Amino acid sequence: MDASIKQRETLNGNGTTGRPAPALAVVTVAYNSASVLSGLLDSLSAGLEGIAEYEVIVVDNDSHDTSVEVALAHPIGARIIRTGRNGGYSAGINAAVATIAPAADLLVLNPDIRLQPGSIRNLYAGLRNSSGGVAVPQVRGEDGTVSKSIRREPSIVTAWSEALLGGTLAARAGLGEVVADPVPYQNGGAIEWATGAILLVSAEARRTVGDWDESFFLYSEEVDYLQRVRGAGFDVLYVPAAQAVHIGGDYHSSDFLTALMTANRIVYHRRRHGFLSSALFRSGIAVGEAIRLAVGSGHLSALRAALGLWRGR
């Protein structure tokens, strides 16, 4: 390994380069992400156009593929943090945050995000025009369609509406967790939360809210974090002028990830509500999955998780 590569790699998050702290830390957490990571890194220069000072940090959660080698070889000059374990998405973010300056804003990106040119400059414009603590962009699929990434806070109403009507009809009726109304996707503004594939967090909000909750290994960590952002008095803002493409969607093809997502939805709700509310929320999810058992094996995995029969972790 040559000297330039050694300078770019930090083992266990404890290394420093001695350079002035950048105003923005761009963080992605990799776990066997070699197939998508280079695409993200390729998109950063154009996506960060107009941002004068930034540092790119790739946190590797003990990948068994070539994720680290891909990051090291890329000309963007990412700093690498090898955690030595797969502690989950939140743990990866926290490992990076522990190495950045208190005054740095934080841009969290999934490895399968592709920034559009000038997107982060537009995201900053939205953040600075209000009391915003977090800004999220308009996310599009690979086919160019606008993803329904805005969400409502999970509740008994959202759980039972989705159980009885199905996710699509519940969203159209304004009762589900997914916001389907096209107006906020066009106009932007304050929202409750959005899927966490790309989040710009102000330094002030980051310092106030603290670390990401590592007990959410994967899924619901952004729900928890953005609820704490709102609870601290900051807005979460949707900025349609900022755009990114998200490849994503692994949980659709993985029974394990479907069950994990279901279990974490229930854990999140239980921590913020009483016994009766939590029981009604859990039963709504269980009924919805039971109704759809014939559709695919993922619904059985989700039902087992809702009933407390899943032992995936």
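Here the structure is a predicted model, which means the values were calculated and not measured.
- Donor-acceptor pairing under 3.5 Å is recorded for the side chains of R140 and Q138.
- You'll find the side chain of L200 stays beyond 4.5 Å of the side chain of L106, heavy atoms only.
- Side-chain contact check for Y89 and N110: at least one donor-acceptor pair (N or O, by modelled atom type) lies under 3.5 Å.
- Interatomic distance, H74 NE2 to S38 OG, rounded to the nearest 0.5 Å: 6.5 Å.
- Between the side chains of H64 and N32, no donor-acceptor pair of N or O atoms lies under 3.5 Å.
- Between R271 and S215, the side chains place a donor N or O and an acceptor N or O closer than 3.5 Å (distance only, hydrogens not considered).
- Side-chain atoms of D105 and S202 form no donor-acceptor pair, as typed in the model, at a separation below 3.5 Å.
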Intermediate values then yes/no, side-chain contact (heavy atoms from CB on, under 4.5 Å), V58 and L37: CA-CA 9 Å; V58 176; L37 181 58; 4.3 Å; yes

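- Of the charged side-chain nitrogens involved, at least one lies within less than 4.0 Å of a carboxylate oxygen, so that E177 and R265 count as a salt-bridged pair.
- Residues V239 and V136 are not in side-chain contact: their nearest non-hydrogen atoms beyond the backbone lie 4.5 Å or more apart.
- Of the possible polar contacts, none joining the D255 side chain to the S301 backbone as a donor-acceptor pair under 3.5 Å is found.
- For the pair E289 (side chain) and L303 (backbone), a donor-acceptor distance under 3.5 Å is absent.
- For the residue pair T28 and P111, the shortest heavy atom distance occurs at OG1-N, 3.3 Å.
- E221 places a side-chain N or O within donor-acceptor distance of the main-chain N or O of Y219, the cut-off being under 3.5 Å.
- A donor-acceptor pair is defined here as one N or O able to donate and one able to accept, closer than 3.5 Å; no such pair exists between the side chain of R206 and the backbone of V201.
- In this structure, T83 and D60 have side chains that are not in contact, with every pair of non-hydrogen atoms separated by 4.5 Å or more.
- Taking CZ from R128 and CG from L123, the interatomic distance works out to 10.5 Å, rounded to the nearest 0.5 Å.
- Under the 4.5 Å side-chain contact rule for hydrophobic residues, I266 and F216 do not share a cluster.
- Distance alone, capped at 3.5 Å, is enough to place a donor-acceptor pair between the S254 side chain and the L257 backbone.
- Heavy atoms of other residues, nucleotides or ligands lying less than 6.0 angstrom from CZ of R207 number more than 12.
- Side chain of T158 to main chain of G176: no donor-acceptor pair is present (N/O by atom type, distance under 3.5 Å, no hydrogens or angles).
- For the atom pair L40 CG and I113 CD1, the distance stands at 8.0 Å (nearest 0.5 Å).
- Side chains of R151 and V179 form no contact here, defined as non-hydrogen atoms less than 4.5 Å apart.
- Side-chain polar atoms of R79 and T99 form a donor-acceptor pair below 3.5 angstrom.
- Using a distance-only test at 3.5 Å, with no hydrogens or angles considered, a donor-acceptor pair links the side chain of Y185 to the main chain of I150.
- Between atom NE2 of residue H299 and atom CD1 of residue I291 there is a gap of 11.0 Å, rounded to the nearest 0.5 Å.
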Where do I57 and I100 land on the side-chain contact (heavy atoms from CB on, under 4.5 Å) test, with the steps shown first? CA-CA 10 Å; I57 304 170; I100 66 178; 3.6 Å; yes

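- No side-chain heavy atom of R282 sits under 4.5 Å from any side-chain heavy atom of H269.
- Of the inter-residue distances, the one linking I120 atom CD1 with L44 atom CG reads 8.5 Å to the nearest 0.5 angstrom.
- Using modelled atom types, one side-chain atom of S161 and one backbone atom of V157 make a donor-acceptor pair closer than 3.5 Å.
- At a threshold of 4.5 Å between non-hydrogen side-chain atoms, the residues L107 and V27 do not count as touching.
- Proximity of a side-chain donor or acceptor of T262 to a complementary backbone N or O of T258 within less than 3.5 Å is detected.
- Put simply, V36 and Y31 are part of two different groups of oily side chains (I, L, V, M, F, W, Y) that touch within less than 4.5 Å, one to the next.
- Using a 4.5 Å heavy-atom cutoff, the side chains of V245 and Q116 are in contact.
- Under the 4.0 Å criterion applied to side-chain N and carboxylate O atoms, E192 and R230 are not assigned as salt-bridge partners.
- Residues I80 and A71 come closest through the heavy atom pair CD1-CB, 3.4 Å.
- Ring geometry for Y225 versus W212: interplanar angle under 30°, hence parallel rather than tilted (30 to 60°).
- Side chain of S67 to backbone of S63: no donor-acceptor contact under 3.5 angstrom is found.
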Would you please test L24 and L48 for side-chain contact (heavy atoms from CB on, under 4.5 Å) and show each step? CA-CA 10 Å; L24 175 65; L48 292 161; 3.9 Å; yes

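- Between D181 and K148, no side-chain nitrogen of the basic residue sits less than 4.0 Å from a carboxylate oxygen of the acidic one, so the salt-bridge criterion is not met.
- Rounded to the nearest 0.5 angstrom, N264 CG and L218 CG are separated by 8.0 Å.
- Closest of all the heavy-atom pairs between I81 and A96 is CD1-CA, 3.8 Å.
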D224 and R272: salt bridge (charged side-chain N to carboxylate O under 4.0 Å, His left out), yes or no, with the steps? CA-CA 10 Å; D224 172 82; R272 285 163 178 77; 2.4 Å; yes

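- N61 and G92 make their closest contact through OD1-CA, 4.1 Å (heavy atoms, listed as atom of the first residue, atom of the second, distance).
- In this model, no donor atom of one side chain and acceptor atom of the other lie less than 3.5 Å apart for S90 and D213.
- Shortest non-hydrogen contact noted between T208 and E204 is OG1-O, 2.8 Å.
- V146 is not connected to V183 by any chain of hydrophobic side-chain contacts under 4.5 Å among Ile, Leu, Val, Met, Phe, Trp and Tyr, and they are in different clusters.
- Within the 4.5 Å cutoff, the side chain of V236 has no heavy atoms near those of the W193 side chain.
- In this structure, L175 is not a member of the same hydrophobic cluster as V223, with clusters built from ILVMFWY side-chain heavy atoms closer than 4.5 Å.
- Hydrophobic clustering, with ILVMFWY side chains joined whenever heavy atoms are under 4.5 angstrom apart, groups V267 together with F256.
- Here the closest non-hydrogen pair linking S278 and R270 is OG-CA, 3.2 Å.
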